Amino acid sequence: MSKKILIIEDEKSIARALELKFIHEGFDVICVTDGENGILYLEKETFDFILLDLIMPKINGFQVLETLNKKGVKIPPIVVLSNLSQADDEKRVMELGAIAFFVKSNISLFEIVEWVKKKLS
């Protein structure tokens, strides 16, 4: 049974590239482009891992984490991907339950996929 990943990312090119790389590695992948839809999926489906952008329309990544915590939704491991590189942002997402924070411009999609594969093995 393959692992299921939810990608919550509003930059369609990044989301699609991640989706294709994870599918190629044998994962089941669902992509959504805003936090509101991400929360809806997490309330009705079970995932093994989440990749979460911070700056998105409707509900941002911080609000996604806060909402999931308030609702008591079982949260799988979450990696935050962002173009923000503020130490305060990283600290805040870690306090809200993320297990890692990567600045998109500092890491390749290949490295993200390999990192997730290692965590899930």
Side-chain angles (χ1 to χ4, degrees):
M1 187 173 196
S2 63
K3 301 282 185 179
K4 194 170 177 183
I5 294 178
L6 176 63
I7 299 171
I8 308 172
E9 167 65 66
D10 68 324
E11 291 182 53
K12 290 184 171 108
S13 60
I14 292 174
R16 183 69 176 143
L18 282 167
E19 178 184 29
L20 291 173
K21 287 189 178 302
F22 278 110
I23 288 170
H24 180 73
E25 294 293 333
F27 292 91
D28 287 331
V29 182
I30 292 179
C31 287
V32 296
T33 57
D34 62 72
E36 186 175 74
N37 282 314
I39 290 168
L40 291 173
Y41 267 100
L42 288 163
E43 289 176 334
K44 65 183 180 180
E45 293 191 37
T46 302
F47 293 89
D48 297 295
F49 216 91
I50 300 170
L51 297 172
L52 175 65
D53 187 17
L54 283 185
I55 306 302
M56 296 179 291
K58 297 183 185 177
I59 297 177
N60 67 40
F62 295 114
Q63 293 166 314
V64 169
L65 292 167
E66 290 165 354
T67 301
L68 294 175
N69 285 322
K70 282 181 194 164
K71 290 185 174 194
V73 175
K74 184 179 181 286
I75 303 173
I78 297 174
V79 169
V80 171
L81 303 172
S82 182
N83 285 322
L84 301 176
S85 58
Q86 304 288 332
D88 290 346
D89 293 332
E90 182 174 357
K91 181 180 180 215
R92 184 172 170 205
V93 298
M94 300 304 267
E95 289 170 351
L96 289 169
I99 64 166
F101 181 96
F102 296 122
V103 177
K104 293 177 195 174
S105 60
N106 295 347
I107 189 166
S108 71
L109 298 181
F110 173 80
E111 290 171 305
I112 293 168
V113 172
E114 290 301 309
W115 193 91
V116 171
K117 280 174 44 183
K118 197 178 288 186
K119 287 292 180 190
L120 288 174
S121 62

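Because the structure is predicted, anything quoted here is derived from the model rather than measured. Heavy atoms only: backbone and side chains are in, while hydrogens, waters and symmetry mates are out.
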Colleague: For E111, I'd like to know if atom CD has over 12 heavy atoms of other residues, nucleotides or ligands within 6.0 Å.
Modeller: yes
Colleague: Apply salt bridge (Lys or Arg N to Asp or Glu O under 4.0 Å) to R92 and E66, showing your working.
Modeller: CA-CA 10 Å; R92 184 172 170 205; E66 290 165 354; 2.7 Å; yes
Colleague: First locate atom CG of L52, then atom CZ of F62, and finally report the distance between them rounded to the nearest 0.5 Å.
Modeller: 9.5 Å
Colleague: Between D48 and I5, is there a side-chain heavy-atom distance shorter than 4.5 Å?
Modeller: no
Colleague: Grouping I, L, V, M, F, W and Y whenever their side-chain heavy atoms are under 4.5 Å apart, do I30 and L68 come out in a common cluster?
Modeller: yes
Colleague: Honestly curious: do M56 and F47 fall in one hydrophobic cluster under the side-chain, below-4.5 Å linking rule?
Modeller: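 Yes, same cluster.
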Colleague: Quick one: do L18 and L81 satisfy side chain to side chain contact (heavy atoms under 4.5 Å, CB included)? Show the steps, please.
Modeller: CA-CA 12 Å; L18 282 167; L81 303 172; 3.9 Å; yes
Colleague: As a test of understanding, state which of L20, I7, L6 forms a side chain to side chain contact (heavy atoms under 4.5 Å, CB included) with V29.
Modeller: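 One option only clears the test, and that one is I7.
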Colleague: Just by distance, do the side chain of E90 and the backbone of A87 share a donor-acceptor pair under 3.5 Å?
Modeller: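 Checked: no pair found.
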Colleague: Is it possible for you to say whether V93 and I59 belong to one hydrophobic cluster, with membership spreading through side-chain heavy-atom contacts below 4.5 Å?
Modeller: yes
Colleague: Might you point out which heavy atoms bring E19 and C31 nearest each other, and give the distance in Å?
Modeller: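 Heavy-atom minimum between the residues: CB-SG, 3.7 Å.
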Colleague: Quick one, R16 and E9 - any side-chain contact, counting heavy atoms below 4.5 Å?
Modeller: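 Of all side-chain heavy-atom pairs linking E9 with R16, none is under 4.5 Å.
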Colleague: For residues D34 and E36, report the shortest heavy-atom separation together with the two atoms involved.
Modeller: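 In terms of heavy atoms, the two residues are closest at OD1-N, 3.0 Å.
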Colleague: Just how far is it from atom NZ of K91 to atom CG of L96, taken to the nearest 0.5 Å?
Modeller: 11.5 Å
Colleague: Can you give me the closest heavy-atom contact between G26 and S2, atom names plus distance?
Modeller: O-CB, 3.0 Å
Colleague: Got L54 and F101 here, is their nearest side-chain heavy-atom distance under 4.5 Å?
Modeller: yes
Colleague: Is any side-chain heavy atom of F102 less than 4.5 Å from a side-chain heavy atom of W115?
Modeller: yes
Colleague: State the CD-CG distance between E45 and D28, to the nearest 0.5 angstrom.
Modeller: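 Those atoms lie 10.0 Å apart.
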Colleague: Find out if a path of hydrophobic residues (ILVMFWY) with successive side-chain heavy-atom gaps under 4.5 Å connects I23 to L120.
Modeller: yes
Colleague: Using 4.0 Å as the upper bound for N to carboxylate O, is an ion pair formed by K21 and E114?
Modeller: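 Between K21 and E114 there is no salt bridge, as every charged N stays at least 4.0 Å from the carboxylate O atoms.
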Colleague: Side chains of I75 and N69: closer than 4.5 Å at any heavy-atom pair?
Modeller: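 Yes, close enough: below the 4.5 Å cut-off.
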Colleague: Give a yes or no on whether Y41 and V80 share a hydrophobic cluster (residues Ile, Leu, Val, Met, Phe, Trp, Tyr; joining criterion: side-chain heavy atoms under 4.5 Å apart).
Modeller: yes
Colleague: Just so I know, are the side chains of P76 and F49 near enough to count as touching, which here means a heavy-atom distance under 4.5 Å?
Modeller: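 No, every pair of side-chain atoms sits at 4.5 Å or beyond.
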Colleague: Taking it one step at a time, do I55 and D10 satisfy side chain to side chain contact (heavy atoms under 4.5 Å, CB included)?
Modeller: CA-CA 8 Å; I55 306 302; D10 68 324; 5.8 Å; no
Colleague: Measuring from atom CD1 of I14 to atom CD1 of I112, what distance do you get when rounded to the nearest 0.5 angstrom?
Modeller: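 Reported value, rounded in 0.5 Å steps: 8.0 Å.
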Colleague: Which atom names give the shortest non-hydrogen contact between M94 and I99, and what distance separates them?
Modeller: CE-O, 3.4 Å
Colleague: Measuring from K119:NZ to K3:NZ, what's the distance to the nearest 0.5 Å?
Modeller: 14.0 Å
Colleague: Quick one, T46 and K4 - any side-chain contact, counting heavy atoms below 4.5 Å?
Modeller: no
Colleague: Heavy-atom distance under 4.5 Å between the side chains of K117 and V113, does that happen here?
Modeller: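 K117 reaches V113 side chain to side chain.
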Colleague: Once you round to the nearest 0.5 Å, how far does CD1 of I8 lie from CG of D53?
Modeller: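 So the CD1 of I8 and the CG of D53 are separated by 9.5 Å.
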